[in-house]
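Notes to accompany the following structure.
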Number of protein chains: 2
Amino acid sequence: MTSTATISDVAKMAGVSIKTVSRVVNNEPNVRANTRELVNQAIVELSYKPSLAARGLAGGRSFLIGLLYDNPSDSFLVELQRGILRACREKHYGLALCPAFSKSTDVKTDILDWIRATQPDGVILSPPLSDNMDVIDALRATGLKFVSVSSAGTGHGPAVHIDEAEAARQMTHHLIETGHRRLGFVKGPLDHACTRLRYEGFCAAMSAAGIAVDNTLVAGGNFHFESGVEAAEKLLSGASRPTAIFASNDDMAAGVMHVAHRKGLSIPGDLAVAGFDDTPMSRQFWPGLSTVRQPVEMIGEMATERLMAEIQRAKKENGLHEAETPDGSSNSEILSFELMLRASTLG
Amino acid sequence: MTSTATISDVAKMAGVSIKTVSRVVNNEPNVRANTRELVNQAIVELSYKPSLAARGLAGGRSFLIGLLYDNPSDSFLVELQRGILRACREKHYGLALCPAFSKSTDVKTDILDWIRATQPDGVILSPPLSDNMDVIDALRATGLKFVSVSSAGTGHGPAVHIDEAEAARQMTHHLIETGHRRLGFVKGPLDHACTRLRYEGFCAAMSAAGIAVDNTLVAGGNFHFESGVEAAEKLLSGASRPTAIFASNDDMAAGVMHVAHRKGLSIPGDLAVAGFDDTPMSRQFWPGLSTVRQPVEMIGEMATERLMAEIQRAKKENGLHEAETPDGSSNSEILSFELMLRASTLG
DNA sequence: ACCGTCATTGACAGCGCTGTCAATAAGCGT
DNA sequence: ACGCTTATTGACAGCGCTGTCAATGACGGT
């Protein structure tokens, strides 16, 4: 057990008080440049790393942020984590995971328990948790800072996301432009805010092109592969099948393609297919799946930075008027998306 | 800020000393059942959750385990995390992530720095980190407990994995049994121990069937889709192409299928394809990909339990002879795998 | 040189919990 | 009932760090 150097070792070595070392470590002002240098040398020399536990106990911070998620797609989760971790590393923060199940009746309790045990300084909410008012309210009641990702900040606090509706509109427009008139659409689950937005984008493009949305060509889904299969079976069995199907996410689009293959329909000849998310899979399918790319990693990174900023602010204002929710912070940051057009929609 | 109840609140409410509450919380012996009950009631009543930070500081433990990984497939990582988190939740442990890059020259330093800052009670190593002797040695030098997953414990300490060679042998056997004689194989990257094992299994089955391995039908890869594409282009361009290709993992198998489709080869008619890992994708492809299912989630769970046990043991023996590495612990646990045979190899 | 002001530094008291060790209660044998 | 062993409990001192506040040093003006 290579005993790690403590702050007092550093203090001794640099010939200053413990508190001064603390100041240097925390980048606080009012330390003479000369002294700061001395301390930094000692820190490097001893390869001193402050103990998170002690800092947390003493300072009331845990230097941990939480990621609350409910079974998103693997690649979404991993990309998001990557972004968050990158931002964390810079700020010397740690990331703790809290898987939750929004369907369960006591998500709220589960999450609160986890928060009490872990005591993160803030949390990042991913959909559909970020669209769950129960959770949002509970979180707000704790006073803990949070930021939502990939979820249109419906006034639920700060959020980082893309313009979902516009993305769906553009993809639909692309389909129409390619010559399709009978478009099918597979919706996502109702508890995701993006379900509505993506559908709105679809409708907007249709109406702009003067095509009426045929309700028999709109199917419900839950973002999983199997629901894409079911939706496709329904949509493709009707008398007048669509010539293109836009699924609200890639997993469901994969289900649609699976069914099309099984039915012997060629893609895109007999049926064009589009998805949403640009999972790695969409590149690997044959034919490649046209989809919308969200900069998920960047979203994670920005959300984390935003969260850190909130935490900072909260710490400073601490003890003052204790303003509940400074509503000015409800604004969200909107990142740009990218249409990835591949063989599944291109002749 | 709903101020969280502290241990002394509980003690007051239960009418016992702080220390007794601590005993109950930590499940220590020598507390009368009656007293224990009293304390538990107070704990529930106040919905008390011990502070990780304080426990860590005082007890010298952090109640955190680390997961060190280097860019594995998304689904592998997510499944592994799921298993680990399940085990963690039971034991009230937290999980901290440490992405590392084994290609980088200072993986070792990166990891050590991370460990110093985070101070986990133990870490789980996933491939290829678990096969990197530099890392293993550095870890061992710190005295920190670790467990490897999905990596044949080549004597590098405890590990949890499947019998990779046997799995590959069985899959190869299946291919041979289906009538194939000209089998292609796509290897994984050299820094993964499983690369060798899977290849050995392949060779074993071939030799058992009396078929010589044709080196022109063995290609190298790196577990990524693109390398599968390259390998397939090489293997399928030769004069006498194989009638089946076994890729060491699903991503590369996806690459093989992609190329086959592009070349107009029907699967499995013109070419049978098999993979390894049973990523969700393998079910979704058309046709479904035959593959080997590792119980990744279970591996994560068992590795975590194993790690906890090691930590326990270390804690008890603490202060005694300080035996460096009780080599009896180098044994590994072997879980069973499952052959998932789907349309890509079945007529 | 003298005072006010601000920048710099350190002494000290905890943060909430656990380990140690001593104190007390409970059993048990005779 | 007495003396002994063992089970149960609590008092107390930190763990390594930060916040508070008081002490010291530096600097500018007169």
Side-chain angles (χ1 to χ4, degrees), chain A residues 1 3-39 42-43 46 48-64 92 116-119 121 315-316 318-320, chain B residues 1 3-39 42-43 46 48-64 92 116-119 121 311-312 315-319:
Chain A
M1 305 274 179
S3 56
T4 315
T6 76
I7 195 172
S8 54
D9 296 329
V10 178
K12 214 165 295 168
M13 181 160 200
V16 299
S17 79
I18 270 182
K19 181 63 209 188
T20 298
V21 176
S22 169
R23 286 199 179 89
V24 172
V25 169
N26 293 288
N27 241 306
E28 285 173 27
N30 297 338
V31 178
R32 209 173 303 158
N34 183 17
T35 314
R36 193 180 294 272
E37 185 49 35
L38 226 55
V39 172
I43 287 180
L46 298 166
Y48 162 74
K49 302 282 168 192
S51 143
L52 274 199
R55 298 226 280 180
L57 223 209
R61 275 145 6 134
S62 63
F63 290 91
L64 236 41
H92 299 288
R116 258 195 293 266
T118 311
Q119 296 179 352
D121 291 345
K315 206 190 144 200
K316 297 225 161 135
N318 184 18
L320 291 185
Chain B
M1 306 277 180
S3 55
T4 313
T6 76
I7 197 173
S8 53
D9 296 329
V10 177
K12 215 165 295 168
M13 180 158 199
V16 298
S17 80
I18 270 182
K19 181 64 210 188
T20 299
V21 177
S22 169
R23 286 199 179 89
V24 172
V25 170
N26 291 291
N27 242 306
E28 284 172 26
N30 298 338
V31 177
R32 210 172 302 156
N34 183 18
T35 314
R36 194 180 293 272
E37 185 49 35
L38 225 57
V39 173
I43 287 179
L46 297 167
Y48 162 75
K49 302 282 167 192
S51 143
L52 275 198
R55 298 227 279 180
L57 223 210
R61 276 144 5 135
S62 63
F63 291 91
L64 237 40
H92 299 287
R116 256 196 293 267
T118 312
Q119 296 179 352
D121 291 345
I311 292 170
Q312 278 286 338
K315 207 191 142 198
K316 295 226 161 132
E317 287 184 0
N318 184 19

**OP:** Verify the contact: side-chain N or O of A/Ser51 to OP1 or OP2 of D/dG16, cut-off strictly under 4.0 Å; return yes or no.
**Re:** no

Subject >> Among D/dT9, D/dT18, C/dG10, the nucleotide that comes nearest once only the side chain of A/Thr20 is considered >> reply: C/dG10

Subject >> Criterion side-chain contact (heavy atoms from CB on, under 4.5 Å) on B/Lys19 and B/Arg23, from CA distance to verdict >> reply: CA-CA 6 Å; B/Lys19 181 64 210 188; B/Arg23 286 199 179 89; 3.4 Å; yes

Original post:
Do the side chains of A/Leu52 and A/Ser62 get nearer than 4.5 Å, heavy atoms only?
Top reply: no

**OP:** Taking only the side-chain nitrogens and oxygens of B/Asn30, find out if one of them lies under 4.0 Å from OP1 or OP2 of D/dT9.
**Re:** no

Subject >> Chi angles and distances behind the side-chain contact (heavy atoms from CB on, under 4.5 Å) call for B/Asp9, B/Tyr48 >> reply: CA-CA 9 Å; B/Asp9 296 329; B/Tyr48 162 75; over 6 Å; no

Subject >> A/Arg61 CZ to D/dT18 C1', straight-line distance once rounded to whole Å >> reply: 9 Å

Subject >> Divergence of helical axes at both termini of the helix from C/dA1-D/dT30 to C/dT30-D/dA1 - five pairs an end, 10° steps >> reply: 30°

Original post:
Taking N and O atoms by type only, does the side chain of B/Arg23 place a donor or acceptor under 3.5 Å from a partner on the base of D/dG10?
Top reply: yes

**OP:** Among B/Ile18, B/Val25, B/Leu46, find the one that has a side-chain contact (heavy atoms from CB on, under 4.5 Å) with B/Val10.
**Re:** B/Leu46

Original post:
Out of C/dG10, D/dA11, D/dT9, which nucleotide sits closest to the side chain of B/Arg32?
Top reply: D/dT9

**OP:** May I ask you to evaluate whether B/Thr35 reaches the phosphate of D/dT9, defined as a side-chain N or O under 4.0 Å from OP1 or OP2?
**Re:** yes

Subject >> Presence of B/Ser22 side-chain N/O under 4.0 Å of C/dT18 phosphate oxygens OP1/OP2 >> reply: yes

Subject >> Options D/dG16, C/dC17, C/dC21, nucleotide nearest the side-chain atoms of B/Tyr48 >> reply: C/dC17

Can you tabulate the close N/O pairs, meaning under 3.5 Å, that link protein atoms to atoms of nucleotides 13-15 of chain C?
residue	atom	partner	partner atom	Å
C/dC15	O2	A/Leu57	O	3.4
C/dC15	O2	A/Ala58	N	3.1

